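Read through the structure below, which is laid out as structure tokens, and then see the notes.
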Amino acid sequence: HDGIKAIDAITGNAIWQADEDGSGFYENEIIYRTNEFGVNAFNTQSQSYVWLKLMNISSPYMTNFVSGKDLFAVSDKNHIYVFQKSNGAIKWEMNFGETVSRLTTIEDSLFALDRFRQIIHAFDINTGKDLGELRVSIPVFAAIDYPNFTSTTDALIFSSGKIVYLYGK
């Protein structure tokens, strides 16, 4: 792995580079990510950590991320962790019991896809309160390692290959 790099979109030249690997997402000059040390927020302008949360992430390169307004969620195999973006404090965490295939959000709801049992679990992203579950009859999910699972402001969207499924209003 070569770490993370910022590349100038016009010239293709590297602007800066950090030698650590991991997976994550970019938002407002901050990269939120997991690596072999835990979870961190890295400021791309100052090239320094905003915060670093040391923890044992069993699969730092296979985590799922989803970002809410002030929080973001990470799934690691069968665990869900919700962090505050500002300081990395864990807002809540849970042992999901099954492998979390994907995460997404709609407003204050966090959705976790259990593709093996074809169930979508809903949680309040702020408190972790269980909001219920929805069994989805999409047989193709059982055969897909990582289906696409995302959301709009009022619908859940699943896709695989050339097929798109929409659950919502």
Side-chain angles (χ1 to χ4, degrees), residues 1-6 15-117 119-134 145-158 167:
H1 298 283
D2 293 332
I4 41 176
K5 296 178 184 178
I15 300 169
W16 61 264
Q17 176 177 341
D19 292 329
E20 298 175 28
D21 292 328
S23 61
F25 68 96
Y26 175 84
E27 183 177 280
N28 299 326
E29 300 180 354
I30 306 292
I31 296 174
Y32 299 91
R33 64 186 179 164
T34 58
N35 60 23
E36 65 261 24
F37 306 111
V39 181
N40 62 68
F42 184 80
N43 185 307
T44 59
Q45 296 301 308
S46 67
Q47 299 183 40
S48 61
Y49 290 109
V50 177
W51 53 261
L52 174 64
K53 179 81 172 170
L54 297 175
M55 58 189 300
N56 183 17
I57 301 290
S58 63
S59 301
Y61 307 107
M62 297 299 291
T63 53
N64 293 300
F65 281 86
V66 66
S67 177
K69 183 179 176 186
D70 300 318
L71 305 170
F72 70 95
V74 175
S75 68
D76 177 39
K77 293 190 178 178
N78 59 346
H79 285 81
I80 297 173
Y81 304 94
V82 176
F83 297 90
Q84 293 180 341
K85 289 180 183 175
S86 62
N87 60 16
I90 295 177
K91 183 81 171 178
W92 61 270
E93 65 181 282
M94 72 174 306
N95 183 334
F96 190 64
E98 299 292 330
T99 299
V100 181
S101 298
R102 290 284 183 247
L103 295 173
T104 193
T105 59
I106 296 177
E107 296 180 0
D108 287 336
S109 297
L110 172 68
F111 297 92
L113 174 63
D114 172 355
R115 72 175 177 91
F116 296 110
R117 295 187 304 150
I119 295 175
I120 302 167
H121 299 269
F123 304 95
D124 182 303
I125 195 167
N126 296 299
T127 65
K129 179 182 176 187
D130 188 337
L131 301 176
E133 61 184 41
L134 169 68
D145 283 338
Y146 292 100
N148 295 313
F149 180 53
T150 189
S151 58
T152 65
T153 56
D154 60 359
L156 297 174
I157 303 168
F158 309 90
Y167 282 87

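Numbers here simply count residues along the sequence, with the first being 1. Predicted model only: the values in this text are computed from it and were never measured.
Applying the side chain to side chain contact (heavy atoms under 4.5 Å, CB included) test to Ser86 and every residue at least two apart in sequence or in another chain returns Gln84. Shown here are the side chain to side chain contact (heavy atoms under 4.5 Å, CB included) partners of Asn28, two or more places apart in sequence or in another chain: there are none. Among residues two or more places apart in sequence or in another chain, the side chain to side chain contact (heavy atoms under 4.5 Å, CB included) test is passed with Ser46 by Asn43, Ser48. Applying the salt bridge (charged side-chain N to carboxylate O under 4.0 Å, His left out) criterion to Lys85, with sequence neighbours excluded, gives Glu27. Listed by chain and number, the residues in a side chain to side chain contact (heavy atoms under 4.5 Å, CB included) with Glu93 are Tyr81, Ile90 (sequence neighbours excluded).
Here the closest non-hydrogen pair linking Val39 and Met55 is CG2-SD, 3.9 Å. Contact record, Phe83 with Gly88: CD2-O, 3.3 Å, taken as the closest heavy-atom pair.
Using bins of under 30°, 30° to 60° and over 60° for the plane-to-plane angle, the ring pair Tyr32/Trp51 lands in the tilted bin.
For the atom pair CG (Leu131) and CD1 (Ile125), the distance works out to 11.0 Å, reported to the nearest 0.5 Å. Here the straight-line distance linking atom OG of Ser109 with atom CD1 of Ile120 works out to 12.0 Å at 0.5 Å rounding. Of the inter-residue distances, the one linking Phe42 atom CZ with Ile31 atom CD1 reads 6.5 Å to the nearest 0.5 angstrom. Between the OG atom in Ser75 and the CG atom in Leu103 there is a gap of 4.0 Å [rounded to 0.5 Å].
Residues Leu71 and Leu110 fail the side-chain proximity criterion, which asks for heavy atoms closer than 4.5 Å. A 4.5 Å side-chain heavy-atom check between Phe111 and His121 finds every atom pair outside the cut-off.
Using modelled atom types, one side-chain atom of Thr44 and one backbone atom of Glu29 make a donor-acceptor pair closer than 3.5 Å. Looking only at distances, no side-chain donor or acceptor of Trp92 sits under 3.5 Å from a matching main-chain atom of Lys129.
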**Request:** Any chance you could lay out the side chain to side chain contact (heavy atoms under 4.5 Å, CB included) test for Phe123 and Ile80, step after step, and finish with the verdict?
**Result:** CA-CA 11 Å; Phe123 304 95; Ile80 297 173; 4.2 Å; yes
